Trainee: 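Before anything else, here's the structure in question.
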Amino acid sequence: MPVKPQIDNSTSTKTFNVLLPLIVAISCVIGMLAGQRMGSNSGQNPLIQKLNDDHQIGVGRIEEVIRFIESKYVDEVNESEMVEDALSSIMKYLDPHSIYISKSRLEEVNNQLKGSYEGLGIETIFYKDTLVVLNVIKDGPSDKAGVQLFDKIINIGGDNNIAGEYDPEVLRSVLKGAHGSNNELVVKRHSTGLLDTINVAVGSVSVKSADIAYMIDDSIGYIKIERFNSNIYKEFMESLEMLHTKKGMKHLVVDVRDNPGGYLPETTKILSQLFLQKDRLLVYTEGKSDDRYDYHSSGKVFFEVGKIAVLIDEGSASGSEIIAGAIQDWDRGVIIGRRSYGKGLVQEQYGLKSGDALRLTVAKYYTPSGRSIQKPFDNDEEYSTELSDRSTSGEYMDASKIPVSDTTKYYTKIKHRVVYGGGGITPDIFIPKESNIDEDALSNIKQLIPEFAYLSLKDKLGDYPAKYKGYMDSELSRKSFVSEFESYLIKEEYLADDELPQKYYSRIDQLIKSKIVRILYDKINEGKFINNDDPFINESIKSINNRNILVELSEES
C-alpha cells in the first residue's frame with residue numbers, strides 16, 4: 001500500500017541492495033516508467049490504473065528473458081546480482097531520489113520519518129571493550145527501568161557477554177526485538193561500582209524533531225525543526241504553544257538548517273500556522289501523471305506570530321525549502337543563511353510483495369510565485385558533487401558567486417521583489433561559512449569526541465553545576481579542552497604529534513563542549529550552546545528588530 005506523500009528522507013544518491021524476490025518489482029518499475037498512474041493514501045489520487053497492451057509488451061519481455069535465463073542458460077548465474085544490475089539500469093533513467101529500498105534497510109529508513117522507533121532508549125559508546133551508557137532518553141524504556149548515565153552494560157539476556165570484541169549489528173539486534181519483549185541487563189553502576197540486574201522492556205522511543213525551542217530574548221522565540229517526520233506538526237505546535245503562552249513570544253525564528261525534508265502534509269500544516277490569512281497558496285505539486293494540487297493556508301491560527309526569520313543552509317532540502325519559499329514569496333519574513341540544497345521533487349513510497357519498497361518521484365513542487373527550486377540532475381556525477389562544487393566556486397564565502405541556473409524572473413507577492421528558481425532558495429541575507437573550517441576533514445576526529453567527553457566527565461560529574469545556566473555562569477564553560485583532546489588523540493595513536501591544525505581549535509572546542517552540555521543538561525541546552533554567538537541567530541535578531549527590513553530588501557532587488 002502507498003504511504004504518505006514525501007518530499008525527502010535523505011539527500012543521498014541511489015543505493016541498491018536487492019534480493020531475488022525483486023524480479024516481480026522489475027515489472028512494476030517498467031510499467032510505471034511507461035506511464036502507469038499511482039495514487040497516495042491521502043485520497044488525492046486514484047489507485048494504480050490498468051496497463052494497456054503496449055505496457056504489457058514491455059513487462060512481458062523482461063519477465064520472459066529472466067525465465068529463459070533461469071531455466072535454459074548453460075551455467076549457474078547469480079540471480080540476485082542479475083536482478084540488481086537490471087534494476088540499476090532502469091533506475092539510471094530516473095532522478096537521483098527515486099530509489100529501491102531493500103527489506104533489510106526499510107525499517108531504518110522508515111524510522112527516520114516515523115518520529116519513533118522500537119528499542120531501549122539509550123545512547124552508548126563502546127569504550128575499551130565496554131558498552132557505556134552516554135545518554136538515557138527521557139521517558140524511554142531504559143529511563144523508566146532505572147538505567148543511569150555512564151552505567152556499564154556487562155551482559156544482555158544472560159547469553160551475551162559484552163566484554164571484548166562485539167559486532168555492533170549483533171548488539172543492535174539484541175537491544176531491539178519485538179515490542180514488549182524483555183532484555184535483562186547486567187550493569188556496573190557508575191555511582192557505586194556495584195553490579196545490578198535491570199529488566200528493560202522494548203518499547204516505543206520518541207525521536208523529537210522540534211524540541212529545541214527557547215526564547216532568544218524577551219520577545220523572540222526560536223524553534224529548530226530537524227526533520228519533517230510524521231509527528232512534526234504536533235511537536236511544532238507544542239513548542240509554539242510553550243513559547244507563546246508561557247514565555248510571551250511575539251516573533252519567531254524557524255531554524256531548518258541541515259533539515260533534509262520529510263512529509264509534505266506535515267510541512268504545509270506548519271506553514272499554515274504562520275499565515276493569518278485564509279486561502280493563501282503555500283505550495284503546489286504537479287507531475288506528468290499527477291494533476292496540479294494546491295495547498296492553501298486554512299486561516300485557523302492557534303498562536304499569532306509576528307515577524308519571522310527562517311534560517312537555511314546548503315543542507316536545507318525539500319520541506320525546508322517549501323517553508324522558506326512560501327515565507328519569501330509572500331514577503332512574510334526574512335530568509336537568512338546560504339543557498340539551500342535545491343530539491344523540488346515529491347516522492348511516494350510503495351511497498352512490494354517481496355518486502356522491499358520503491359520510493360518514486362511522482363511530481364515536482366512549486367513555490368507560490370510559480371518557481372521550481374529543483375537543481376539540474378541530468379548528470380549523476382555533477383549532481384552528487386554539486387555541494388562540494390559550491391565550495392570550489394567560492395559561493396560559500398561570497399553571495400555574488402551564487403549561480404542563477406534559471407534566469408526566469410519571478411516576483412514576490414507583496415513587495416514584488418525578484419526571486420529565481422532552478423537551484424534552491426537564495427537567502428535574502430547571506431551568511432558566509434567559516435572560511436577555515438572543512439567539516440569533512442574533521443569527520444574522523446569528530447567521531448572521537450563522545451569518547452573524550454565521557455573520559456573528561458566520568459570522574460568529575462560533581463564538579464559541574466546541576467543546571468545549564470549555572471554551567472554557563474561558571475569558569476567551566478570558558479575552559480578550553482583542545483590541548484587535552486590533542487594529548488588524548490596522540491596517546492591513543494589516533495594522531496601523530498602536532499597534527500591537529502590550529503585553525504580547527506575553536507570548532508573542536510565548541511564540539512566538545514556541546515557534547516558535554518548534551519550529556520549533562522539535555523538536547524535543548526545543547527542547542528542553546530551551539531547557537532550562542534551564532535551569526536545566523538545574531539542576524540535574525542537584527543532583522544526582526546529592523547522595522548523596514550522587507551522594504552529595504554525590495555529596494556535592493
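Because the structure is predicted, anything quoted here is derived from the model rather than measured.
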Trainee: Could you tell me which non-hydrogen atom of P450 sits nearest to which non-hydrogen atom of I125, and how far apart they are?
Mentor: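 So the two residues come closest at CB-CG2, 4.1 Å.
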Trainee: What residues, two or more places apart in sequence or in another chain, satisfy side chain to side chain contact (heavy atoms under 4.5 Å, CB included) together with A210?
Mentor: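 Per chain and number, A210 pairs via side chain to side chain contact (heavy atoms under 4.5 Å, CB included) with I223, I232, E235.
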Trainee: Taking atom CE of M91 and atom CG of L94, what is their separation to the nearest 0.5 Å?
Mentor: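 Between atom CE of M91 and atom CG of L94 there are 5.0 Å.
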Trainee: Not counting sequence neighbours, which residues clear side chain to side chain contact (heavy atoms under 4.5 Å, CB included) with S116? List them please.
Mentor: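 Side chain to side chain contact (heavy atoms under 4.5 Å, CB included) check on S116 returns K114, S204.
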Trainee: Assess the residue pair Y383 and H97 against the criterion (side chain to side chain contact (heavy atoms under 4.5 Å, CB included)); give the C-alpha distance rounded to whole Å, side-chain angles, the decisive distance to 0.1 Å, and a yes or no.
Mentor: CA-CA 11 Å; Y383 193 84; H97 300 283; 2.7 Å; yes
Trainee: Where is the tightest heavy-atom contact between R371 and D329, given as atom of each residue plus distance?
Mentor: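 Result for this residue pair: NH2-OD1, 2.6 Å.
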Trainee: Indicate yes or no: at least one non-hydrogen side-chain atom of E226 is less than 4.5 angstrom from one of D211.
Mentor: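 In short, these two side chains touch, coming nearer than 4.5 Å.
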Trainee: I'd like to know whether CG of N379 has more than 12 heavy-atom contacts from other residues, nucleotides or ligands below 6.0 angstrom.
Mentor: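 Result for CG/N379: enclosed.
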Trainee: Kindly indicate whether the side chain of M215, heavy atoms from C-beta on, has any atom under 4.5 Å from the side chain of L243.
Mentor: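 When only atoms from C-beta onward are counted, L243 and M215 do touch, with a gap below 4.5 Å.
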Trainee: Between F302 and M237, does the side chain to side chain contact (heavy atoms under 4.5 Å, CB included) criterion hold? Intermediate values first, please.
Mentor: CA-CA 9 Å; F302 295 101; M237 293 306 294; 3.8 Å; yes
Trainee: Determine whether a donor-acceptor pair (N or O, by modelled atom type, separation under 3.5 Å) exists between the side chain of W330 and the backbone of L281.
Mentor: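 Yes.
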Trainee: Which heavy atom of E266 sits nearest to which heavy atom of Y233, and what is that distance?
Mentor: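 Heavy atoms of E266 and Y233 come nearest at OE1-N, 3.1 Å.
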Trainee: Tell me if a side-chain donor or acceptor on S340 pairs with a main-chain N or O of I425 at a distance below 3.5 Å.
Mentor: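 Yes; judged by distance alone, with no hydrogens or angles, the pair exists.
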Trainee: Check for a donor-acceptor pair, side chain of K307 on one end and backbone N or O of K250 on the other, with a separation under 3.5 Å.
Mentor: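 No; judged by distance alone, with no hydrogens or angles, the pair does not exist.
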Trainee: Would you find a donor on one side and an acceptor on the other, under 3.5 Å apart, between the side chain of Q273 and the backbone of K300?
Mentor: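 Side chain of Q273 to backbone of K300: a pair is present.
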Trainee: Closest heavy-atom contact between G115 and S230?
Mentor: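 Scanning both residues, the minimum pair turns out to be N-OG, 4.3 Å.
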Trainee: Excluding sequence neighbours, so at least two apart, what forms side chain to side chain contact (heavy atoms under 4.5 Å, CB included) with T385?
Mentor: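 Listed in chain order: S388, D389.
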Trainee: Of all residues at least two apart in sequence or in a different chain, which pass the ring-ring contact (aromatic ring centres under 6.0 Å, His included) check with Y214?
Mentor: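 For Y214 the ring-ring contact (aromatic ring centres under 6.0 Å, His included) partners, ignoring immediate neighbours, are Y222.
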Trainee: So if I apply the side chain to side chain contact (heavy atoms under 4.5 Å, CB included) rule between L252 and each of V310, L274, I544, I220, which one comes out positive?
Mentor: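 Only match with L252 under side chain to side chain contact (heavy atoms under 4.5 Å, CB included): L274.
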Trainee: Distance from I537 atom CD1 to L311 atom CG, nearest 0.5 Å?
Mentor: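 Output value for this atom pair is 5.0 Å.
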Trainee: When rounded to the nearest 0.5 angstrom, what distance separates CG in N229 from CG in N110?
Mentor: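 The CG atom of N110 is 12.5 Å from CG of N229, to the nearest 0.5 Å.
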Trainee: Show, in sequence, the C-alpha distance, side-chain angles and deciding distance for Y341 and L387, and conclude whether the side chain to side chain contact (heavy atoms under 4.5 Å, CB included) test is met.
Mentor: CA-CA 8 Å; Y341 183 86; L387 291 185; 3.8 Å; yes
Trainee: Atom NZ in K224, atom CD1 in I212: separation rounded to 0.5 Å?
Mentor: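 It comes to 7.0 Å.
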Trainee: Minimum heavy-atom separation for I516 to A453, with atom names?
Mentor: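 What the structure gives for the nearest pair is CG1-CB, 4.1 Å.
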Trainee: Quick one: do K208 and S206 satisfy side chain to side chain contact (heavy atoms under 4.5 Å, CB included)? Show the steps, please.
Mentor: CA-CA 6 Å; K208 299 285 189 181; S206 177; 3.6 Å; yes
Trainee: Give a yes or no answer on whether the side chain of N259 reaches the backbone of I225 with a donor-acceptor pair at less than 3.5 Å.
Mentor: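 Yes, the answer is positive, given that a donor and an acceptor are paired below the 3.5 Å cut-off.
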Trainee: Under a 4.5 Å cut-off applied to non-hydrogen side-chain atoms, are V283 and T367 in contact?
Mentor: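 When only atoms from C-beta onward are counted, T367 and V283 do not touch, as no gap falls below 4.5 Å.
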Trainee: How would you list, by chain and number, every residue that makes a side chain to side chain donor-acceptor pair (under 3.5 Å) with S272, sequence neighbours excluded?
Mentor: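 Partners of S272 under the side chain to side chain donor-acceptor pair (under 3.5 Å) test: S298.
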Trainee: Tell me every residue that passes side chain to side chain donor-acceptor pair (under 3.5 Å) with K446, counting only those two or more places apart in sequence or in another chain.
Mentor: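 Side chain to side chain donor-acceptor pair (under 3.5 Å) list for K446, sorted by chain: E439.
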Trainee: Do the ring planes of F529 and Y471 sit parallel (below 30°), tilted (30 to 60°) or perpendicular (above 60°)?
Mentor: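 If you compare the ring of F529 with that of Y471, the planes turn out tilted.
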Trainee: So, R332 side chain and A326 main chain: donor-acceptor pair closer than 3.5 Å or not?
Mentor: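 No, R332 side chain to A326 backbone: no donor-acceptor pair under 3.5 Å.
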Trainee: Listed by chain and number, what are the ring-ring contact (aromatic ring centres under 6.0 Å, His included) partners of H244, not counting sequence neighbours?
Mentor: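 If we apply the ring-ring contact (aromatic ring centres under 6.0 Å, His included) test to H244, skipping adjacent residues, the hits are F303.
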Trainee: Enter the distance from N545:CG to H251:NE2 here, rounded to the nearest 0.5 Å.
Mentor: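 So the CG of N545 and the NE2 of H251 are separated by 7.5 Å.
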Trainee: How far does CD of Q374 sit from CG of L345, to the nearest 0.5 angstrom?
Mentor: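 These two atoms lie 4.0 Å from each other.
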Trainee: The criterion is side chain to side chain donor-acceptor pair (under 3.5 Å); which residues satisfy it with T361, sequence neighbours excluded?
Mentor: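 Expected list: D95, S98, Q347.
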Trainee: Check whether S477 reaches the backbone of D473 with its side chain - one donor and one acceptor, N or O, closer than 3.5 Å.
Mentor: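 The answer is no, because no donor-acceptor pair under 3.5 Å joins these two groups.
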Trainee: Decide whether N532 and Q510 meet the rule of one side-chain donor and one side-chain acceptor closer than 3.5 Å.
Mentor: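 The criterion, which ignores hydrogens and geometry beyond distance, is not satisfied for Q510 and N532.
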Trainee: With sequence neighbours left out, write down each residue that passes ring-ring contact (aromatic ring centres under 6.0 Å, His included) with Y284, or none if nothing qualifies.
Mentor: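 Scan of Y284 (ring-ring contact (aromatic ring centres under 6.0 Å, His included), adjacent residues dropped) gives Y366.
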Trainee: Apply the test side chain to side chain donor-acceptor pair (under 3.5 Å) to residues E348 and Y350: give CA-CA distance (whole Å), side-chain angles for both, the deciding distance (0.1 Å), then the verdict.
Mentor: CA-CA 7 Å; E348 289 183 5; Y350 303 94; 2.4 Å; yes
Trainee: I'd like to know if the side chain of D509 and the backbone of F481 have a donor-acceptor N/O pair within less than 3.5 Å.
Mentor: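 A pair under 3.5 Å: yes.
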Trainee: Could you tell me if the ring centre of Y454 sits under 6.0 Å from that of F452?
Mentor: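 Aromatic pair excluded; centres sit 6.0 Å or further apart.
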Trainee: Taking the six-membered ring of Y411, is the NZ or CZ of R417 close enough (under 6.0 Å from the centre) and on axis enough (within 45°)?
Mentor: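 No.
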Trainee: Does some side-chain heavy atom of Q349 sit less than 4.5 Å from a side-chain heavy atom of I101?
Mentor: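 In contact.
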Trainee: Taking side chain as C-beta onward, heavy atoms only, is N531 less than 4.5 Å from E526?
Mentor: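 No; the side chains remain at least 4.5 Å from each other.
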Trainee: With a cut-off of 6.0 Å (strictly less than), are more than 12 heavy atoms of other residues, nucleotides or ligands near NZ of K246?
Mentor: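 Atom NZ in K246 is not crowded, with 12 or fewer foreign heavy atoms closer than 6.0 Å.
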Trainee: If you measure only the distance, is there a donor-acceptor pair under 3.5 Å linking the side chains of D428 and Q328?
Mentor: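 Looking only at side-chain atoms, Q328 and D428 do form a donor-acceptor pair, the distance falling under 3.5 Å.
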Trainee: Compare every heavy atom of G422 with every heavy atom of S405, then report the nearest pair and how far apart it is.
Mentor: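 Taking every non-hydrogen atom into account, OG-O, 2.5 Å.
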Trainee: May I ask you to decide if S320's main-chain N or O and S316's side chain share a donor-acceptor pair within less than 3.5 Å?
Mentor: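 No: the side chain of S316 does not pair with the backbone of S320.
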Trainee: Just to verify, what does Y410 make a ring-ring contact (aromatic ring centres under 6.0 Å, His included) with, not counting sequence neighbours?
Mentor: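 Once residues adjacent in sequence are excluded, Y410 has no partner under the ring-ring contact (aromatic ring centres under 6.0 Å, His included) criterion.
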Trainee: Mark yes when over 12 heavy atoms from residues, nucleotides or ligands other than K523 sit less than 6.0 Å from its NZ; otherwise mark no.
Mentor: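 For K523, atom NZ is crowded (more than 12 foreign heavy atoms under 6.0 Å).
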Trainee: Once side-chain hydrogen bond (donor to acceptor under 3.5 Å, both in side chains) is applied, what residue pairs with a partner in residues 391-400 remain, sequence neighbours excluded?
Mentor: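 Listed by first then second residue: R339-E395, D398-S400.
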Trainee: Just to verify, what does K234 make a side chain to side chain contact (heavy atoms under 4.5 Å, CB included) with, not counting sequence neighbours?
Mentor: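 Partners of K234 under the side chain to side chain contact (heavy atoms under 4.5 Å, CB included) test: E238.
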Trainee: Taking E321 for the side chain and S318 for the main chain, is one N or O donor matched with an acceptor at less than 3.5 Å?
Mentor: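 Yes, E321 side chain to S318 backbone: donor-acceptor pair under 3.5 Å.
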